[in-house]
Amino acid sequence: MDMQKIGKFLAELRREKNLTQDELGEKIGVTNKTVSRWENGNYLPPVEILQILSEFYNITINELLSGGHLDEKRYKENAEEYIVTDLMKKRKDAKKRLAASFIVAAITILASLAVILMSALLSAPIWLRIGCIVLSVTVIVLGIGVCCVLTVDAGVYECPVCGEKFVPSMKDFIFGAHMFTKRKLKCPKCGKKSFCKKRLS
């Protein structure tokens, strides 16, 4: 995505309407400085503003992000390029979330074991030892909760029966038996409960 090209195109579209940056800003609810930043290629308008601009200039968001008018062939090519870029970004985000989940799990296990060992080895009153065990169980529960939140949205699960890809509910995810990359879940499409494979995208 060429920010400079998008900026020049936005400036051209504004001039075609015979508007100053102030006038455009008033019409779409932003300052002239914001319009200037877009047109200089320093910032990309947020999604909601891209929608407003596409309607205002009577062009597609795809054309705005391409920095020019597109014929049907180029429109399709650009649309596919944006889809591929979006899928790659989602896959990368899913990998980051899974890595973070493994790190949290490792820290949780180590911290809990350390607290339990300390309570067993130290000559401390019984109430302190019980307190340490309660603390370690709390850390484990919280760690598992964080791991579940990070993992459930990292990609999708694929039903082996019908091929449907879906994100399970948190309840189904937590209570579903699992084997590393597979988890026993009920498919929302076919209704069968089976070991569904984790897919990043």
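Remember, predicted model here, so these are calculated numbers, not experimental data.
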Side chains of [X] and [Y] in contact at under 4.5 Å (non-hydrogen atoms):
{"X": "L64", "Y": "I6", "result": "no"}
{"X": "L24", "Y": "F56", "result": "yes"}
{"X": "T108", "Y": "I144", "result": "no"}
{"X": "L13", "Y": "I59", "result": "yes"}

Between the side chains of N40 and S36, does any donor sit under 3.5 Å from an acceptor?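 On atom types as modelled, these side chains qualify, holding a pair under 3.5 Å.
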Provide the closest heavy-atom pair for [X] versus [Y] in the form atom of the first, atom of the second, distance.
{"X": "C159", "Y": "C162", "value": "SG-N, 3.5 Å"}
{"X": "D172", "Y": "L185", "value": "O-CD2, 3.5 Å"}
{"X": "A105", "Y": "C147", "value": "N-SG, 3.6 Å"}
{"X": "V139", "Y": "A111", "value": "CG1-CB, 4.4 Å"}

Rounded to the nearest 0.5 Å, how far does [atom2] of [Y] lie from [atom1] of [X]?
{"X": "I61", "Y": "Q51", "atom1": "CD1", "atom2": "CD", "result": "5.0 Å"}
{"X": "E63", "Y": "Y57", "atom1": "CD", "atom2": "OH", "result": "13.5 Å"}
{"X": "Y157", "Y": "K182", "atom1": "OH", "atom2": "NZ", "result": "12.5 Å"}

Considering the options R15, E16, E23, which one meets the side-chain contact (heavy atoms from CB on, under 4.5 Å) requirement together with L19?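 It is E23; the other options fail the test.
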For K17, look at atom NZ and say whether over 12 heavy atoms of other residues, nucleotides or ligands are found less than 6.0 Å away.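 Yes, because the 6.0 Å sphere around NZ of K17 holds more than 12 heavy atoms from other groups.
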Mind checking side chain to side chain donor-acceptor pair (under 3.5 Å) for S112 and listing every partner two or more places apart, or none if nothing turns up?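 Residues passing side chain to side chain donor-acceptor pair (under 3.5 Å) with S112: none at all.
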Which pairs with one or both residues in residues 126-142 pass salt bridge (Lys or Arg N to Asp or Glu O under 4.0 Å), sequence neighbours excluded?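 As it turns out, there is no salt bridge (Lys or Arg N to Asp or Glu O under 4.0 Å) pair with a partner in residues 126-142 once direct neighbours are skipped.
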I need the single residue from R199, K197, K198, K165 that forms a side chain to side chain donor-acceptor pair (under 3.5 Å) with E158. Which is it?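 Among the candidates, only R199 passes.
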I'd like to know if K8 pairs up with E39 as an ion pair, taking the criterion as any Lys NZ or Arg NE/NH1/NH2 lying under 4.0 Å from an Asp or Glu carboxylate oxygen.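 Result for this pair is no, no salt bridge flagged.
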